[in-house]
Amino acid sequence: MGRAIGMIETRGLIGSIEAADAMLKSADVTLVKQEKIDAALVTVLVQGDVSAVQAAVDAGKAAAARVGELVSAHVIPHPDESIRNVLLKKDDKSKEAAKVPSEAKSSSKKKIANKSEENQ
């Protein structure tokens, strides 16, 4: 079984959500990520077997065009590992941003605890 990556790009969030929903319901594919780009462009990536990804992208294209603006759609059958790594890598910025609030929460809890000890 070959692996493939399918991409649908829409203008606006609603079309991308509708496309992702249609892709996941129409074939045995996995949602990899949704990436927001400037100028209201949103790209949805799925992966799975080549035939499943092709069927999913076809269904997603129809759904996106029905409710929004379909910009582009493409299927890459059997992508090279380096392409797969670039497209499917996790965003390091989101990991760093996720750490900051948890650290801020723990420091604010310490401040609250210190104030309550001072008041007693």
Side-chain angles (χ1 to χ4, degrees):
M1 283 193 245
R3 300 296 288 172
I5 296 174
M7 299 165 277
I8 291 183
E9 187 169 66
T10 63
R11 186 169 312 279
L13 185 63
I14 301 298
S16 72
I17 292 171
E18 185 71 21
D21 184 53
M23 288 192 288
L24 295 173
K25 289 178 179 176
S26 68
D28 185 23
V29 294
T30 305
L31 181 64
V32 176
K33 70 178 178 178
Q34 177 187 45
E35 190 165 329
K36 296 174 184 136
I37 305 169
D38 290 339
L41 295 177
V42 183
T43 304
V44 177
L45 280 84
V46 295
Q47 69 178 355
D49 294 334
V50 176
S51 59
V53 169
Q54 186 62 56
V57 168
D58 290 341
K61 284 176 10 181
R66 188 174 56 248
V67 300
E69 183 181 343
L70 174 67
V71 175
S72 182
H74 189 66
V75 175
I76 302 175
H78 314 290
D80 185 78
E81 272 305 308
S82 59
I83 296 297
R84 184 179 295 277
N85 292 338
V86 168
L87 290 177
L88 305 182
K89 73 178 180 179
K90 300 292 182 196
D91 188 15
D92 292 333
K93 292 178 186 175
S94 64
K95 289 180 184 177
E96 291 174 14
K99 290 180 184 178
V100 172
S102 64
E103 291 171 0
K105 286 179 185 176
S106 64
S107 65
S108 64
K109 286 181 182 178
K110 289 177 185 177
K111 288 178 185 177
I112 292 170
N114 290 339
K115 286 182 181 180
S116 64
E117 287 175 4
E118 290 173 3
N119 292 336
Q120 292 177 355

- Tell me, with the steps shown, if D49 and S51 meet side chain to side chain donor-acceptor pair (under 3.5 Å). CA-CA 6 Å; D49 294 334; S51 59; 5.8 Å; no
- Are V29 and Q47 side-chain neighbours, meaning at least one heavy-atom pair lies under 4.5 Å? no
- Flag side-chain contact, heavy atom, 4.5 Å: I5 against L87: yes
Indicate every side-chain donor-acceptor pair of residues 60-70 with a distance under 3.5 Å to a residue at least two apart or in another chain.
| from | atom 1 | to | atom 2 | distance (Å) |
| --- | --- | --- | --- | --- |
| R66 | NH2 | E18 | OE2 | 3.4 |

- Task: Quick one: pull up OG in S16 and CD in E35 and give me the separation to the nearest 0.5 Å.
- Result: 12.0 Å
- CE of M23 to OG1 of T30: how many Å apart, nearest 0.5 Å? 11.5 Å
- Task: Calculate, to the nearest 0.5 Å, the distance between atoms CD1 and NE2 belonging to I83 and H78 respectively.
- Result: 15.0 Å
- Item | P79 to A4 - nearest heavy-atom pair and separation | CD-CA, 4.2 Å
- Query: Is there a donor-acceptor pair under 3.5 Å between the side chain of N85 and the backbone N or O of E81?
  - Reply: yes
- Query: Rounded to the nearest 0.5 Å, what separation is found between the CE atom of M7 and the CD1 atom of I76?
  - Reply: 3.5 Å
- Query: Can you name the nearest heavy-atom pair linking V42 to G12, along with the distance?
  - Reply: CG2-O, 3.9 Å
- Message: I need the T43 OG1 to I37 CD1 distance, nearest 0.5 Å.
- Response: 3.5 Å
- Message: Assigning hydrophobic clusters by single linkage (Ile, Leu, Val, Met, Phe, Trp, Tyr; side-chain heavy-atom cutoff under 4.5 Å), is L13 placed with V44?
- Response: no
- Here the pair of heavy atoms bringing V57 nearest to G6 is CG2-CA, 3.8 Å
- Message: Grouping I, L, V, M, F, W and Y whenever their side-chain heavy atoms are under 4.5 Å apart, do V75 and I8 come out in a common cluster?
- Response: yes
